[in-house]
Amino acid sequence: MSRDRQSAIERLRSRRQFVARAAAGTVVVALGGLYVFTDDLTAAARAETRKDGRPRVPPGQRVISALKPMGGEPGDPNPARARLRVHGEVDAPFELTYAELLALPQLDLALDVHCVTGWSVLGARFRGVGVKALAERARVRPRARYVIFEAAHGYTANVPLREALAPNVLVAHALEGRPLARAHGGPLRAVVPDLYFWKSAKWLTGIRFTTRDEPGYWETRGYHNHGDPWREERYA
Ligand SMILES: Nc1nc2c(c(=O)[nH]1)N[C@H]1C(S)=C(S)[C@@H](COP(=O)(O)O)O[C@H]1N2
Ligand SMILES: [Mo]
């Protein structure tokens with residue numbers, strides 16, 4: 001155990017400080033039986049650097065222990081009726097049932113996600129199919145430049161093609177070893193971890209490739225068109 005971590009735990013042993021911080025409103029989470037304040041999770045993660053050289057925690061973000069349900073208009077919860085359409089600027093459009101999606105090669109990825117409202121979750125374990133594999137199967141035409149994630153009730157999110165084909169971009173159906181809860185987009189959601197979390201469309205119904213950009217639900221309501229957390233591309 002690092003000295004920093006040890007001293008952090010010793011600080012937490014001070015009940016007086018514990019009560020003072022709890023009263024001040026910093027959130028307490030249970031982590032392996034220990035109580036840890038979100039400020040300590042954030043401080044520990046701030047020292048870390050990603051493989052791409054960027055800090056693990058983007059500026060202005062605070063680390064919490066699990067995804068917060070952020071709302072939205074849910075789609076049909078029945079996996080037996082779920083369909084994913086892969087279409088648009090492609091030579092071989094196709095549609096998958098939930099069972100067909102689960103029969104494709106699966107990726108298990110621990111992903112960091114960053115909500116524009118200021119919380120981040122580190123290492124959330126998602127399981128699903130890579131968007132890149134779906135794009136290859138659909139034979140995306142060379143002129144395609146954007147991916148539009150399509151969800152229930154007309155929610156969409158636009159992502160530049162190159163970023164949507166990154167190896168950590170998923171159509172996820174499970175989180176932490178369980179089928180994705182409805183509040184988190186079940187049965188199917190997109191996960192685009194390196195852009196703010198609004199790009200990760202819940203209740204996903206389609207992936208559409210386009211030549212032209214199409215700002216989506218939040219991008220037409222004042223959020224930034226791109227949404228890079230490290231550049232704090234929060235609002236337009
Ligand atoms: N279909 C749909 N997807 C959505 C949203 C939504 O309102 N509808 N909200 C987005 C926003 S703003 C965020 S922060 C994340 C929240 O995901 P969570 O509720 O699983 O934390 O979902 C994104 N995906
Ligand atoms: Mo959000």
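As a basis for the values below, the full set of heavy atoms in this structure was taken, side chains included, without hydrogen atoms, waters or symmetry mates. Since we're looking at a predicted model, the values are computed, not measured.
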Measure the shortest side-chain to side-chain distance between Met70 and Cys115 over non-hydrogen atoms and say whether it is less than 4.5 angstrom.
yes

Is there a path of hydrophobic side-chain contacts, each under 4.5 Å between heavy atoms of I/L/V/M/F/W/Y residues, joining Leu195 to Leu122?
no

Any salt bridge between Arg208 and Glu214, counting N to O under 4.0 Å?
yes

If every non-hydrogen atom of Pro58 is compared with every non-hydrogen atom of Pro229, which pair is closest and at what distance?
CB-O, 3.5 Å

Atom CG in Asp39, atom CG in Leu41: separation rounded to 0.5 Å?
9.0 Å

Within the side chain of Glu136, is there an N or O that forms a donor-acceptor pair under 3.5 Å with the backbone of Ala133?
no

Under the 3.5 angstrom rule, does the side chain of Lys202 hit a backbone N or O of Pro74 as a donor-acceptor pair?
no

Can you hop from Leu67 to Leu170 via hydrophobic side chains spaced under 4.5 Å?
yes

Charged N to carboxylate O below 4.0 Å: is that the case for Glu89 and Arg212?
no

Minimal heavy-atom distance between Ala124 and Leu175, with the atoms involved, is CB-CD1, 4.1 Å

Could you tell me whether the side chain of Arg141 and the main chain of Val90 form a donor-acceptor pair under 3.5 Å?
yes

Val121 side chain reached by Phe197 side chain, heavy atoms, under 4.5 Å
no

Side chain proximity check, Val129 to Gln106, heavy atoms < 4.5 angstrom:
yes

Can you tell whether the side chains of Glu232 and Arg234 come within less than 4.0 Å, N to carboxylate O?
yes

Should Val131 and Leu109 be regarded as members of a common hydrophobic cluster, given that ILVMFWY residues are connected when their side-chain heavy atoms come within less than 4.5 Å of each other, either directly or indirectly?
no

Establish whether Val113 and Ile64 are linked, either directly or via other cluster members, by ILVMFWY side-chain heavy-atom contacts under 4.5 Å.
yes

Indicate yes or no: at least one non-hydrogen side-chain atom of Phe209 is less than 4.5 angstrom from one of Val86.
yes

Roughly how far apart are Asp112 CG and Arg50 CZ, rounded to 0.5 Å?
6.5 Å

Are the side chains of Leu134 and Phe94 in touch, meaning some heavy atoms are under 4.5 Å apart?
yes

Between Pro69 and His184, is any pair of side-chain heavy atoms under 4.5 Å apart?
yes

Just checking Arg85: does its CZ atom have more than 12 heavy atoms from other residues, nucleotides or ligands closer to it than 6.0 angstrom?
no

Does Leu104 belong to the same Ile/Leu/Val/Met/Phe/Trp/Tyr cluster as Val169, with side-chain heavy atoms less than 4.5 Å apart forming each link?
yes

Would a 4.5 Å heavy-atom cut-off, applied to side chains only, mark Tyr235 and Val116 as touching?
yes

Of all heavy-atom pairs between Trp230 and Asp228, which one has the smallest distance, and what is that distance?
N-OD1, 2.8 Å

Between Thr205 (side chain) and Glu150 (backbone), is there a donor-acceptor pair under 3.5 Å?
yes

Quick check: are there more than 12 heavy atoms from other residues, nucleotides or ligands sitting under 6.0 Å from CZ of Arg231?
no

I'd like to know if the side chain of Glu219 reaches the main chain of Asn225, judged simply by a donor and an acceptor atom lying under 3.5 Å from each other, with no hydrogens or angles considered.
no

side-chain hydrogen bond (donor to acceptor under 3.5 Å, both in side chains) partner of Asp76, chosen from Arg83, Arg182, Arg81:
Arg81

Tyr217 pairs by ring-ring contact (aromatic ring centres under 6.0 Å, His included) with which of Tyr155, Trp198, Tyr223?
Tyr155

Could you tell me which non-hydrogen atom of Pro79 sits nearest to which non-hydrogen atom of Tyr98, and how far apart they are?
O-CB, 3.2 Å

To the nearest 0.5 Å, how far apart are NE2 in His173 and CG in Leu102?
4.0 Å

Distance (rounded to the nearest 0.5 Å) between Glu163 CD and Lys199 NZ:
9.0 Å

Quick check: does any side chain N or O of Arg189 sit under 3.5 Å from a backbone N or O of Ser200, one acting as donor and the other as acceptor?
yes

From Leu180 atom CG to Phe126 atom CZ, the distance as rounded to the nearest 0.5 Å
7.0 Å

Is any side-chain heavy atom of Leu161 closer than 4.5 Å to one of Tyr146?
no

Measure the spacing between NE2 of His226 and CG of Asn158 and express it to the nearest 0.5 Å.
9.5 Å

Applying side chain to side chain donor-acceptor pair (under 3.5 Å) to Gln61 and His114, what does each step give before you reach the verdict?
CA-CA 7 Å; Gln61 295 296 111; His114 311 289; 4.6 Å; no

